[in-house]
Amino acid sequence: MFENNRTGLDNFLEVMGIYEEPMGVFYTNVMPEAGFSPKAQTPISREAEEKNMIDWNAVQRNFSCVMSKVWLARKKNTAAFFDKERFGCLGGAFYLGFMKPYLAIHPYYISTGIPDIIDGERYVESPEIAEKFFKLFDPVPAPSRFLVVKPLTRFESGETPEVIVFFAKPEVITGLNALTVFMTNDIEVVKTPFGPGCAGIATWPFRYLKEGRLKAVLGGFDPSCRKFLKTDEVTFAVSLELFNRMLERWEETFLNEREWTTVKKKINKSRNTWNDG
């Protein structure tokens with residue numbers, strides 16, 4: 001769909017100082033013909049956990065962070081895709097909407113761990129607090145078989161991204177932040193909720209969409225996902241509606257003013273320093 005407006009998309013990205021095409025996220029029943037996905041394995045669930053039917057060794061052996069597949073898709077300009085069998089990690093199955101409720105082991109995994117069973121990540125002070133967090137996450141159940149993440153110009157006829165994800169460093173993020181406020185007249189439009197990398201590009205954006213709330217999600221702050229992001233890079237996710245507003249109205253904004261020219265110099269300096277693009 002964006003191939004038909006490639007010039008408009010390229011002009012917007014150029015003015016913003018964005019040199020990597022954003023990724024679109026959507027649910028579909030059609031499996032991508034090419035791309036990266038975790039290895040398929042037996043679906044997991046709270047019921048299977050309670051009946052001791054989960055092969056934890058197999059789950060750990062096939063462990064694959066959702067963001068690692070997105071990273072590969074970014075590098076190869078292709079798709080990353082997931083489903084209830086290709087979830088990659090315990091968190092991925094839950095955060096992407098393929099498993100509900102969360103596993104009983106989840107609150108221990110992100111907090112203190114369980115001696116001789118699982119190490120804790122120590123991102124939350126206790127399992128009790130972590131359990132409250134998991135109830136607040138409440139991911140939207142996957143409406144279709146696959147969750148797909150791929151570059152915008154890889155979308156084909158009949159495919160429509162629901163969420164657009166930018167991968168950018170702070171100077172670009174300042175522009176996206178200001179632009180999002182301009183488009184919504186909402187000084188609290190940008191949210192930074194707690195969660196793993198995949199929550200920032202899927203869980204929270206889809207939650208806000210379901211609730212009818214036009215919000216942007218700043219993510220990538222989970223230490224465990226940082227290895228799959230460039231140095232100083234974070235994610236910025238918006239709905240398709242908000243993204244289309246940006247494409248249509250950016251010329252009315254600060255992006256045509258002197259201050260942004262100064263910021264663009266810093267963006268280019270950063271790009272040269274890190275040899276990006």
**Student:** Could you check whether any side-chain N or O of Glu21 sits under 3.5 Å from a backbone N or O of Thr153, counting only pairs where one atom can act as donor and the other as acceptor?
**Tutor:**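 Side chain of Glu21 to backbone of Thr153: a pair is present.
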
**Student:** Any chance you could measure Thr174, atom OG1, to Leu179, atom CG, to the nearest 0.5 Å?
**Tutor:**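 With rounding to 0.5 Å, OG1 (Thr174) is 10.5 Å from CG (Leu179).
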
**Student:** Other residues, nucleotides and ligands only: do more than 12 of their heavy atoms fall within 6.0 Å of NZ on Lys100?
**Tutor:**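 Yes, because the 6.0 Å sphere around NZ of Lys100 holds more than 12 heavy atoms from other groups.
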
**Student:** Does some side-chain heavy atom of Val163 sit less than 4.5 Å from a side-chain heavy atom of Phe206?
**Tutor:**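 SC-SC contact between Phe206 and Val163 confirmed.
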
**Student:** Would you give the length of the straight line joining atom CZ of Phe87 to atom CZ of Phe63, rounded to the nearest 0.5 angstrom?
**Tutor:**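 Interatomic distance, Phe87 CZ to Phe63 CZ, rounded to 0.5 Å: 11.0 Å.
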
**Student:** Yes or no on side-chain contact (heavy atoms from CB on, under 4.5 Å) for Met67 and Ile201, after CA distance, side-chain angles and deciding distance?
**Tutor:** CA-CA 9 Å; Met67 297 303 290; Ile201 68 171; 3.9 Å; yes

**Student:** May I ask you to check if Arg145 and Tyr27 form a cation-pi contact, with NZ or CZ under 6.0 angstrom from the six-membered ring centre and within 45° of the axis?
**Tutor:**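 No.
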
**Student:** Can you give me the closest heavy-atom contact between Thr160 and Phe155, atom names plus distance?
**Tutor:**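 Closest pair (atom of Thr160, atom of Phe155, distance): C-CE2, 3.9 Å.
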
**Student:** With rounding to the nearest 0.5 angstrom, report the CZ to CG distance, Phe26 to Leu147.
**Tutor:**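 Interatomic distance, Phe26 CZ to Leu147 CG, rounded to 0.5 Å: 8.5 Å.
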
**Student:** For a quick test of reading the model, state the closest non-hydrogen atom pair linking Val217 to Pro193 and the distance between them.
**Tutor:**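 Residues Val217 and Pro193, closest heavy atoms: CG1-CD, 4.1 Å.
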
**Student:** Return yes when atom NZ of Lys227 has more than 12 non-hydrogen atoms of other residues, nucleotides or ligands closer than 6.0 Å, and no otherwise.
**Tutor:**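 Correct, the count exceeds 12.
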
**Student:** Determine whether Leu103 and Leu90 make a side-chain contact, defined as any pair of heavy atoms from C-beta on separated by less than 4.5 Å.
**Tutor:**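 Yes, close enough: below the 4.5 Å cut-off.
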
**Student:** Measure the shortest side-chain to side-chain distance between Lys69 and Val149 over non-hydrogen atoms and say whether it is less than 4.5 angstrom.
**Tutor:**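 Heavy-atom side-chain distance check fails, nothing below 4.5 Å.
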
**Student:** Dump the intermediate steps for side-chain contact (heavy atoms from CB on, under 4.5 Å) on Val148 and Val25, then the final yes or no.
**Tutor:** CA-CA 6 Å; Val148 178; Val25 187; over 6 Å; no

**Student:** Has Arg86 got its NZ or CZ under 6.0 Å from the middle of the six-membered ring of Phe81, at an angle within 45 degrees of the ring axis?
**Tutor:**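 No cation-pi geometry.
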
**Student:** Would you compute the distance between atom SG of Cys89 and atom OH of Tyr95 and round it to the nearest 0.5 angstrom?
**Tutor:**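 One gets 8.5 Å once the value is rounded to the nearest 0.5 Å.
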
**Student:** Is the closest side-chain heavy-atom distance between Phe236 and Val234 below 4.5 Å?
**Tutor:**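 With C-beta onward as the side chain, the pair stays apart.
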
**Student:** When you look at CG of Asp119, are more than 12 heavy atoms from neighbouring residues, nucleotides or ligands closer to it than 6.0 Å?
**Tutor:**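 No, not enclosed.
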
**Student:** Do the ring centers of Phe194 and Phe133 come within less than 6.0 Å of each other?
**Tutor:**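 Judged by ring-centre distance (under 6.0 Å), Phe194 and Phe133 do meet the cut-off.
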
**Student:** Please check: side-chain N/O of Thr180 versus main-chain N/O of Leu176, any donor-acceptor pairing under 3.5 Å?
**Tutor:**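 Looks like yes, one N/O pair under 3.5 Å.
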
**Student:** Strictly below 4.0 Å, N to O, side chains only: are Lys269 and Glu171 in salt-bridge contact?
**Tutor:**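 Looking at Lys269 and Glu171, the cut-off is not met.
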
**Student:** With a 4.5 Å cut-off on side-chain heavy-atom distances among I, L, V, M, F, W and Y, is there a chain of contacts connecting Phe228 to Phe36?
**Tutor:**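 Different hydrophobic clusters.
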
**Student:** For the residue pair Ala34 and Ala79, what are the closest heavy atoms and their distance?
**Tutor:**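 So the minimum-distance heavy-atom pair works out to O-CB, 3.8 Å.
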
**Student:** For Lys264, does the NZ atom sit with more than 12 other heavy atoms under 6.0 Å from it, leaving out its own atoms?
**Tutor:**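 Counting neighbours around NZ of Lys264, more than 12 heavy atoms of other residues, nucleotides or ligands fall under 6.0 Å, so yes.
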
**Student:** Identify the heavy atoms of Asn62 and Lys39 that sit nearest to each other, and give their distance.
**Tutor:**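 That closest heavy-atom pairing would be OD1-CD, 3.6 Å.
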
**Student:** Would you call Glu128-Lys132 a salt bridge at under 4.0 Å N-O?
**Tutor:**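 No salt bridge links Glu128 with Lys132.
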
**Student:** Starting from Ile18, can I reach Leu218 by hopping between I/L/V/M/F/W/Y residues whose side chains sit under 4.5 Å apart?
**Tutor:**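 Yes, one cluster joins them.
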
**Student:** Please determine whether residues Val66 and Leu72 belong to a single hydrophobic cluster, defined as Ile, Leu, Val, Met, Phe, Trp and Tyr linked transitively by side-chain heavy-atom distances below 4.5 Å.
**Tutor:**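 No: no chain of side-chain contacts under 4.5 Å links Val66 to Leu72.
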
**Student:** Which heavy atom of Glu121 sits nearest to which heavy atom of Ile110, and what is that distance?
**Tutor:**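 Scanning both residues completely, I find the closest heavy atoms to be OE1-CG2, 3.5 Å.
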
**Student:** Are more than 12 heavy atoms, taken from residues, nucleotides or ligands other than Glu188, located less than 6.0 Å from that residue's CD atom?
**Tutor:**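 It does not: Glu188 CD has 12 such atoms or fewer within range.
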
**Student:** Side chain of Tyr123, backbone of Ser224: donor and acceptor closer than 3.5 Å?
**Tutor:**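 At least one qualifying donor-acceptor pair exists.
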
**Student:** Using a 4.5 Å cut-off on heavy atoms from C-beta on, say whether the side chain of Asn256 contacts that of Glu251.
**Tutor:**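 Yes. Closest side-chain heavy atoms under 4.5 Å.
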
**Student:** Surrounding CZ of Phe137 (heavy atoms of other residues, nucleotides or ligands, distance under 6.0 Å), is the total greater than 12?
**Tutor:**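 More than 12 within 6.0 Å, yes.
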
**Student:** Find out if a path of hydrophobic residues (ILVMFWY) with successive side-chain heavy-atom gaps under 4.5 Å connects Phe182 to Leu247.
**Tutor:**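 Linked, Phe182 and Leu247 end up in one cluster.
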
**Student:** Determine whether Ser239 and Leu242 satisfy the following criterion, side-chain contact (heavy atoms from CB on, under 4.5 Å), listing intermediate values before the conclusion.
**Tutor:** CA-CA 5 Å; Ser239 66; Leu242 189 45; 3.6 Å; yes

**Student:** Mind checking whether Leu214 and Arg245 have side chains closer than 4.5 Å, heavy atoms only?
**Tutor:**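 Touching, per the 4.5 Å side-chain cut-off.
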
**Student:** For the pair Phe254 and Trp260, name the ring-plane relationship: parallel under 30°, tilted 30 to 60°, perpendicular over 60°.
**Tutor:**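 Plane angle over 60°, so perpendicular.
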
**Student:** Have a look at Asp186 and tell me which of Lys215, Arg213, Lys191 forms a salt bridge (charged side-chain N to carboxylate O under 4.0 Å, His left out) with it.
**Tutor:**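 Among the candidates, only Lys215 passes.
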
**Student:** One thing to verify: whether Lys169 and Asp232 come together as a salt bridge, which I'm taking to mean a side-chain N less than 4.0 angstrom from a carboxylate O.
**Tutor:**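 Looking at Lys169 together with Asp232, the answer is no, because their closest N to O distance does not fall below 4.0 Å.
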
**Student:** If I take atom CD from residue Glu156 and atom CD from residue Glu33, how far apart are they, to the nearest 0.5 angstrom?
**Tutor:**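 Rounded to the nearest 0.5 Å, the CD-CD separation comes out at 6.5 Å.
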
**Student:** Between Ser144 (side chain) and Phe146 (backbone), is there a donor-acceptor pair under 3.5 Å?
**Tutor:**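 Answer holds: no.
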
**Student:** Could you check if a side-chain atom of Phe98 sits within less than 4.5 angstrom of a side-chain atom of Pro141, using non-hydrogen atoms only?
**Tutor:**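 Sidechains of Pro141 and Phe98: no contact.
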
**Student:** Phe221 pairs by side-chain contact (heavy atoms from CB on, under 4.5 Å) with which of Leu229, Thr192, Thr235?
**Tutor:**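 Going through the options one by one, the only one that passes is Thr192.
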
**Student:** Using 30° and 60° as the class boundaries, would you call the ring planes of Phe12 and Phe243 parallel, tilted or perpendicular?
**Tutor:**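 Ring orientation of Phe12 relative to Phe243: perpendicular.
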
**Student:** Locate the shortest heavy-atom distance separating Asp138 from Arg207; write the atom from each residue and the value.
**Tutor:**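 Looking at all heavy atoms of both residues, the shortest contact is O-CD, 3.2 Å.
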
**Student:** Applying side-chain contact (heavy atoms from CB on, under 4.5 Å), run through Ile105 and Trp56 and close with a yes or a no.
**Tutor:** CA-CA 11 Å; Ile105 202 171; Trp56 297 110; 4.1 Å; yes

**Student:** How many angstroms lie between CG in Leu255 and CE in Met246, if you round to the nearest 0.5 Å?
**Tutor:**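 Here the interatomic distance stands at 9.5 Å.
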
**Student:** Within the 4.5 Å heavy-atom criterion, are Val172 and Phe167 side-chain neighbours or not?
**Tutor:**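 No, too far: nothing below the 4.5 Å cut-off.
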
**Student:** Among Lys135, Glu49, Glu131, whose side-chain hydrogen bond (donor to acceptor under 3.5 Å, both in side chains) with Tyr102 holds?
**Tutor:**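 Filter result, single survivor: Glu131.
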
**Student:** Does atom CE (Met53) have a neighbourhood of more than 12 heavy atoms from anything else shown, all under 6.0 Å?
**Tutor:**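 It does not: Met53 CE has 12 such atoms or fewer within range.
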
**Student:** Treating Ile, Leu, Val, Met, Phe, Trp and Tyr as nodes and any side-chain heavy-atom pair under 4.5 angstrom as an edge, say whether Met23 and Phe82 lie in one connected cluster.
**Tutor:**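 Met23 clusters together with Phe82.
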
**Student:** Under a 4.0 Å N-O cut-off, is there an ion pair linking Arg74 with Glu233?
**Tutor:**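 A salt bridge links Arg74 with Glu233.
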
**Student:** Can you establish whether the number of heavy atoms outside Glu259 located under 6.0 Å from its atom CD is more than 12?
**Tutor:**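 No, not enclosed.
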
